[in-house]
Amino acid sequence: MFKHALLSAGTNAWRSLACSRSELRLDLTLGCGQSFRWRETGDGHWTGVMGGRVWTLTQTDDTLWYHTYSIPSATGEGDCRKRRAGAPILESKSSGKKVKGGMEVKEEEEEELLAVRTDLDRKEEVLLRDYFQLDVKLGDLYREWGAADPHFKHIANIFTGVRMLRQDPTECLFSFICTSNNHISRIQGMVERLCQSLGTLLCHLDQTSYHDFPSLSALADSSVEACLRDLGFGYRAKFLQQSARQILDSHGGPLWLQGLRTASYLQARDALRTLPGVGPKVADCVCLMSLDKACVVPVDTHVWQIAKRDYSCIAGSGKKSLTDKVHQEIGDFFRQLWGPYAGWAHSVLFCADLKKFQKLKEMPSLKQEEVNSDIKAEVEGKKTKIIKTLR
DNA sequence: ACTTTACCTTA
DNA sequence: AAGGTAAAG
């Protein structure tokens, strides 16, 4: 039986990317309710499914480490990845050179294997860089947001590295249909059960099974509503099945969703809102988190509170509920404040307001360092004073 | 354009 | 009530 990978067992089975904690914090980015598919499976180790593979991620000061698990598959696509089990293939290749004659064929095979390996490795690195959008320099954005917004600057000292994921549009859409009138812990359970019952099994790790997110056709089947009601989805069961059906029947399939990446924000939002269970909030989340609309600020009751409490934003202050107009006004307010990546900035504040991260505000490591360096400076000052008086 | 009500569960 | 949406008034 396979286990979740641990970096402390040695770096052999891992690959890495240069990436500082100010550019990415796994705990915050993966735990703030953008994706509902990641779990902390070991200290600082996060395991989840992305791009049809199972990943474990962890980080040290300047490095992002990743491990993928080989997936038994009929197509054979996954199985040539047993490479990680033994010694690095580079080594066995050089030792193979000593052998003469009949071994040349084997060497060729190994070269081929090596080629396959580097090809897959490249693919995985590309996948990961794309998922975390690592080409976007978060440090630069934080500086810009902080310069424009003192409250952001204050929060940003503690909540560094909160980054927008670039999720699969299908997964993002159907996950967020589940979020209405709901809380994160229940949503996580629902999405997990959704994948478990309708998604392809990928592998088992320490008695946990990992499944891919269900395909549109799996979600569209007429048996799905009853199935999901049994799994505790409530009234959302019908929305999920109907939205999948509608995308297949009247839009031709997943390419339609993908295609919204190149559409304008308003086009994409309005297209999504034709689906059952998709209102302004869910449509905005899908636009921001999977359709490359970085300026979108999804406005929920929570963000409305933040706008009123921390920004004295008067938009919709006379209103009882979030009307379309208030959504618009609050979104515009934050866009004006933060600029074209306003949606990314919003996720930092959203994250900082989550109950589960409140403890970070009390004894934050970074602030502690600041205090320590202040004390050090003070001590240094006293030392020189004392030295002076002694003379 | 805006408010109200019902909708499924679970905490 | 919880990170809403749809339908009716």
Side-chain angles (χ1 to χ4, degrees), chain A residues 28-38 159 162 164-165 167 171-194 197 224-247 269-290 296-310 313-332 334 342-358:
Chain A
L28 302 179
T29 302
L30 264 21
C32 70
Q34 295 182 54
S35 166
F36 303 98
R37 298 272 278 149
W38 296 92
F159 292 87
V162 181
M164 193 54 55
L165 300 173
Q167 300 186 64
E171 170 169 341
C172 190
L173 170 62
F174 288 90
S175 297
F176 274 90
I177 289 177
C178 299
T179 63
S180 77
N181 204 2
N182 211 347
H183 44 267
I184 290 184
S185 61
R186 184 177 168 216
I187 300 164
Q188 282 184 336
M190 284 165 62
V191 173
E192 189 172 317
R193 293 196 293 282
L194 180 72
S197 56
V224 163
E225 183 186 345
C227 170
L228 294 182
R229 274 197 179 265
D230 285 340
L231 293 174
F233 279 64
Y235 60 85
R236 304 166 196 84
K238 191 196 288 266
F239 290 156
L240 292 166
Q241 191 271 330
Q242 288 185 156
S243 281
R245 180 86 274 152
Q246 194 170 314
I247 292 172
R269 188 198 59 184
D270 293 343
L272 291 169
R273 284 195 59 172
T274 64
L275 301 169
V278 181
K281 197 306 194 137
V282 170
D284 276 354
C285 284
V286 178
C287 282
L288 172 64
M289 301 174 187
S290 72
V296 176
V297 178
V299 180
D300 53 34
T301 52
H302 209 161
V303 171
W304 195 18
Q305 295 313 309
I306 292 175
K308 288 192 284 198
R309 185 192 65 206
D310 300 330
C313 177
I314 45 113
S317 50
K319 303 290 191 300
K320 278 279 185 183
S321 61
L322 279 169
T323 62
D324 270 13
K325 197 175 165 196
V326 179
H327 271 100
Q328 180 71 29
E329 285 176 8
I330 298 191
D332 288 345
F334 283 123
W344 288 51
H346 133 279
S347 77
V348 178
L349 293 193
F350 185 86
C351 180
D353 241 45
L354 289 175
K355 187 177 279 179
K356 63 166 147 178
F357 293 133
Q358 290 313 298

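Comparing the P positions of C:dG3 and B:dT5 gives a spacing of 22 Å, expressed to the nearest Å. Of the C1' atoms belonging to C:dT5 and B:dA11, the separation is 22 Å, rounded to the nearest Å. On the C1' atoms, B:dT10 is 23 Å away from C:dA6, given to the nearest whole Å. A distance of about 16 Å separates the C1' atoms of C:dA7 and B:dA1, rounded to the whole Å.
Donor-acceptor pairing under 3.5 Å is recorded for the side chains of A:Q328 and A:D332.
In this structure, CG in A:L354 is found 8.5 Å from CZ in A:F159, a value given to the nearest 0.5 Å. Rounding to the nearest 0.5 Å gives a distance of 4.5 Å between CE of A:M190 and SG of A:C178. If you take NE2 on A:H327 and NZ on A:K281, they are separated by 8.5 Å, rounding to the nearest 0.5 Å.
Within 4.0 Å (heavy atoms only), A:L231 reaches no atom of the nucleic acid at all. The residue A:R229 sits close only to the backbone: its heavy atoms come under 4.0 Å of sugar-phosphate atoms, none of a base. Using a 4.0 Å heavy-atom distance criterion, A:C32 is classed as a base contact.
Heavy-atom distances under 4.0 Å link DNA chain B to no residue of residues 343-354 of chain A. Within residues 277-285 of chain A, no residue has a heavy atom under 4.0 Å from DNA chain B. Residues from residues 320-329 of chain A with heavy atoms under 4.0 angstrom of DNA chain C: there are none. For the segment residues 180-190 of chain A, the set of residues with a heavy atom within less than 4.0 Å of an atom of DNA chain C comprises A:S180, A:N181, A:N182, A:H183, A:I184, in numerical order.
Within a 6.0 Å radius of NZ in A:K356, other residues, nucleotides and ligands contribute more than 12 heavy atoms.
Side-chain contact between A:L173 and A:S290: absent, with no pair of heavy atoms (C-beta onward) separated by less than 4.5 Å. Looking at A:T29 and A:M164, their side chains never come closer than 4.5 Å, going by heavy atoms from C-beta outward.
Sorted by first and then second residue, the salt bridge (charged side-chain N to carboxylate O under 4.0 Å, His left out) pairs with a member in residues 300-309 of chain A read A:R309-A:D353; sequence neighbours excluded.
In this structure, A:G316 and A:W304 approach most closely via the heavy-atom pair O-CZ2, 3.1 Å. Looking at every heavy atom in both residues, A:I330 comes nearest to A:A307 through CG2-CB, 4.2 Å. When all heavy atoms of A:L165 and A:Q34 are compared, the pair lying nearest together is N-OE1, 2.8 Å. Shown here for A:C287 and A:L272, the closest heavy-atom pair between the two residues is SG-CD1, 4.0 Å.
First and last contacts of DNA chain C with chain A, using any nucleotide atom under 4.0 Å from a protein heavy atom and ordered 5' to 3', fall at C:dA2 to C:dA6. Protein chain A contacts DNA chain B from B:dC2 to B:dT10, reading 5' to 3' and using non-hydrogen atoms of the protein with a distance under 4.0 Å.
Checking A:T179 against A:R273, the closest nucleotide of DNA chain C that is more toward the 5' end is the one next to A:T179.
For an aromatic pair to be called close, the ring centres must be under 6.0 Å apart, and A:F350 with A:F357 fails this. Checked against the 6.0 Å centroid threshold, A:H346 and A:F334 do not count as a close aromatic pair.
With sequence neighbours excluded, the residues satisfying side chain to side chain contact (heavy atoms under 4.5 Å, CB included) with A:S317 are A:I314. Not counting sequence neighbours, A:R193 has no partner by the salt bridge (charged side-chain N to carboxylate O under 4.0 Å, His left out) test. Considering only residues two or more places apart in sequence or on other chains, A:A237 meets the side chain to side chain contact (heavy atoms under 4.5 Å, CB included) condition with A:E225, A:L228, A:R229, A:F233.
Base pairing in DNA chain C gives the following stems of 3 or more Watson-Crick or G-U pairs, range against range and under 3.5 Å: B:2-7 with C:4-9.
Although no hydrogens or angles enter the test, the distance criterion places no donor-acceptor pair under 3.5 Å between the side chain of A:S175 and the main chain of A:C172. With A:Q358 contributing its side chain and A:A352 its backbone, the two residues share a donor-acceptor pair below 3.5 Å.
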Pair up each side-chain donor or acceptor in residues 238-245 of chain A with any protein partner under 3.5 Å, not counting sequence neighbours, and list the distances.
| residue | atom | partner | partner atom | Å |
| --- | --- | --- | --- | --- |
| A:Q241 | NE2 | A:A220 | O | 2.8 |
| A:S243 | OG | A:F239 | O | 3.2 |
| A:S243 | OG | A:P276 | O | 2.8 |
| A:R245 | NE | A:D249 | OD2 | 3.1 |
| A:R245 | NH1 | A:A220 | O | 3.3 |
| A:R245 | NH2 | A:D249 | OD1 | 3.4 |

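Of the charged side-chain nitrogens involved, none lies within less than 4.0 Å of a carboxylate oxygen, so that A:R273 and A:D284 do not count as a salt-bridged pair.
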